[in-house]
Amino acid sequence: MQYKFILAALVASPLVAAHGKVSVVTGDAGGNGTALGIQGAVVPGAGSNSKTEVDTTVFGSTKVATDGLGRTTGNGKNTVADATAAMAASGSTLPQVSASNGTLTGTVHIVTTDGAGPYSAIVDSTGTGAFSTGTKATVTTQVPGKNGNISPNGTVRRLLARMGLMKRAANVNKDFPIAVSIPAGTTCSGTVGGQSGVCLVKIANSNPAGPFGGVVAIQMAGAAAGNTTTAAKKFKA
């Protein structure tokens with residue numbers, strides 16, 4: 001009887017909700033930033049999920065080439081206007097990426113066990129969140145994980161896994177490097193946070209519990225404001 005009660009409670013409770021967030025990014029030509037919605041040191045690295053997950057972006061589809069900027073539990077739906085707060089936290093110069101062989105490097109903070117890699121990236125040259133027509137970027141330094149999952153101790157509760165159930169994801173609180181190669185010939189036409197000539201880059205895993213990641217604003221180093229995107233290889237969802 002007690003076993004049945006525990007099983008019923010597990011079925012009734014929320015399933016895995018996990019988080020990984022893009023906490024900082026830097027362009028190969030200078031500048032730095034954070035993902036939209038990041039609250040920085042205001043949010044603890046370790047602790048209960050309700051306290052550590054509040055500024056992690058959750059997207060509506062596991063397909064990275066999907067429109068929208070995602071949302072956080074702390075601030076709701078992300079908007080382009082949130083770039084102003086991101087710049088206030090990280091500096092007035094957005095990440096500057098070289099037009100040829102340019103890279104965006106940064107840190108993915110895995111908050112809980114289902115916020116892991118692998119991650120994908122896509123560039124929206126309009127700076128509006130139109131990722132469905134974006135251009136695929138190559139992740140050259142990948143975040144560890146399998147299907148968006150990682151275990152803090154390298155183990156899984158086997159009984160729950162066999163039953164197809166998992167408790168709410170455990171806190172991980174670890175940083176992992178990520179690097180993204182921005183397609184050569186990319187130009188940017190968006191206006192974000194008072195800056196012109198801006199692209200948005202979506203970096204996300206494909207875990208169906210989320211997916212999780214973030215959207216960051218970048219500029220192409222030395223590019224004139226108001227450019228439009230030169231065609232690069234389009235992402236196929």
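Treat the numbers as computed from the prediction; the structure is a model and nothing was measured.
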(Q) Which residue is it: D55, T57, T72? I am looking for the one with a side-chain contact (heavy atoms from CB on, under 4.5 Å) to I38. (A) D55
Q | Derivation and outcome, side chain to side chain contact (heavy atoms under 4.5 Å, CB included), residues F212 and V58 | A | CA-CA 5 Å; F212 308 102; V58 183; 3.6 Å; yes
Q) Considering only heavy atoms from C-beta outward, does the side chain of F59 approach that of T66 to under 4.5 Å? A) no
Q) Distance only, no hydrogens: is a donor on one side chain within 3.5 Å (strictly under) of an acceptor on the other, for S23 and D175? A) no
Q) So how far is it from K21 NZ to T107 OG1, rounded to the nearest 0.5 Å? A) 12.0 Å
Q) Looking at residues at least two apart in the chain, or sitting in another chain, which of them share a side-chain contact (heavy atoms from CB on, under 4.5 Å) with D28? A) V97, S98, T103
Q. Can you name the residues that form a side chain to side chain donor-acceptor pair (under 3.5 Å) with N205, not counting sequence neighbours?
A. none
Q) Would you say I218 and L104 make side-chain contact, with heavy atoms under 4.5 Å? A) yes
Q: Answer with yes or no whether the hydrophobic clustering places V139 together with I110; edges join I, L, V, M, F, W, Y residues whose side-chain heavy atoms lie under 4.5 Å apart.
A: yes
(Q) Ignoring hydrogens, what is the shortest heavy-atom contact between T186 and M220? Give both atom names and the distance. (A) O-CG, 3.4 Å
**Q.** Euclidean distance, I122 CD1 relative to T135 OG1, rounded to 0.5 Å
**A.** 7.0 Å
(Q) Please evaluate residues S132 and D67 with respect to the criterion side-chain hydrogen bond (donor to acceptor under 3.5 Å, both in side chains), reporting the C-alpha separation (whole Å), side-chain torsions for both, the decisive distance (0.1 Å), and the verdict. (A) CA-CA 5 Å; S132 64; D67 291 342; 2.8 Å; yes
Q: Could you pull out the closest heavy-atom pair between P95 and G33, with the gap in Å?
A: CG-N, 3.8 Å
**Q.** Check: Q219 side chain, S196 main-chain N or O, donor-acceptor pair, under 3.5 Å
**A.** yes
Q) How close do V64 and F131 get, heavy atom to heavy atom, and via which atoms? A) O-CB, 4.0 Å
Q | Which atom of V192 lies closest to which atom of A83, heavy atoms considered | A | CG1-CB, 3.0 Å
Q) Do V24 and I182 belong together in a cluster built from hydrophobic side chains that touch within less than 4.5 Å? A) no
Q. Under the side chain to side chain contact (heavy atoms under 4.5 Å, CB included) criterion, do V201 and V25 qualify, and how do the steps go?
A. CA-CA 11 Å; V201 182; V25 288; over 6 Å; no
(Q) Is the shortest side-chain heavy-atom distance between Y119 and Q142 below 4.5 Å? (A) yes
Q: For D82 and L36, indicate whether the former's side chain and the latter's backbone hold a donor-acceptor pair under 3.5 Å.
A: no
(Q) I need the minimum non-hydrogen distance between A86 and A35, along with the two atoms involved. (A) CB-O, 4.4 Å
Q) Would you say the side-chain atoms of T138 pair up with the backbone N or O of T140, donor to acceptor, closer than 3.5 Å? A) no
Q) What pair of heavy atoms forms the shortest contact from A217 to V198, and how long is it? A) CB-CG1, 3.8 Å
Q) Distance from Q96 atom CD to T26 atom OG1, nearest 0.5 Å? A) 11.5 Å
Q: May I ask you to decide if T128's main-chain N or O and D124's side chain share a donor-acceptor pair within less than 3.5 Å?
A: yes
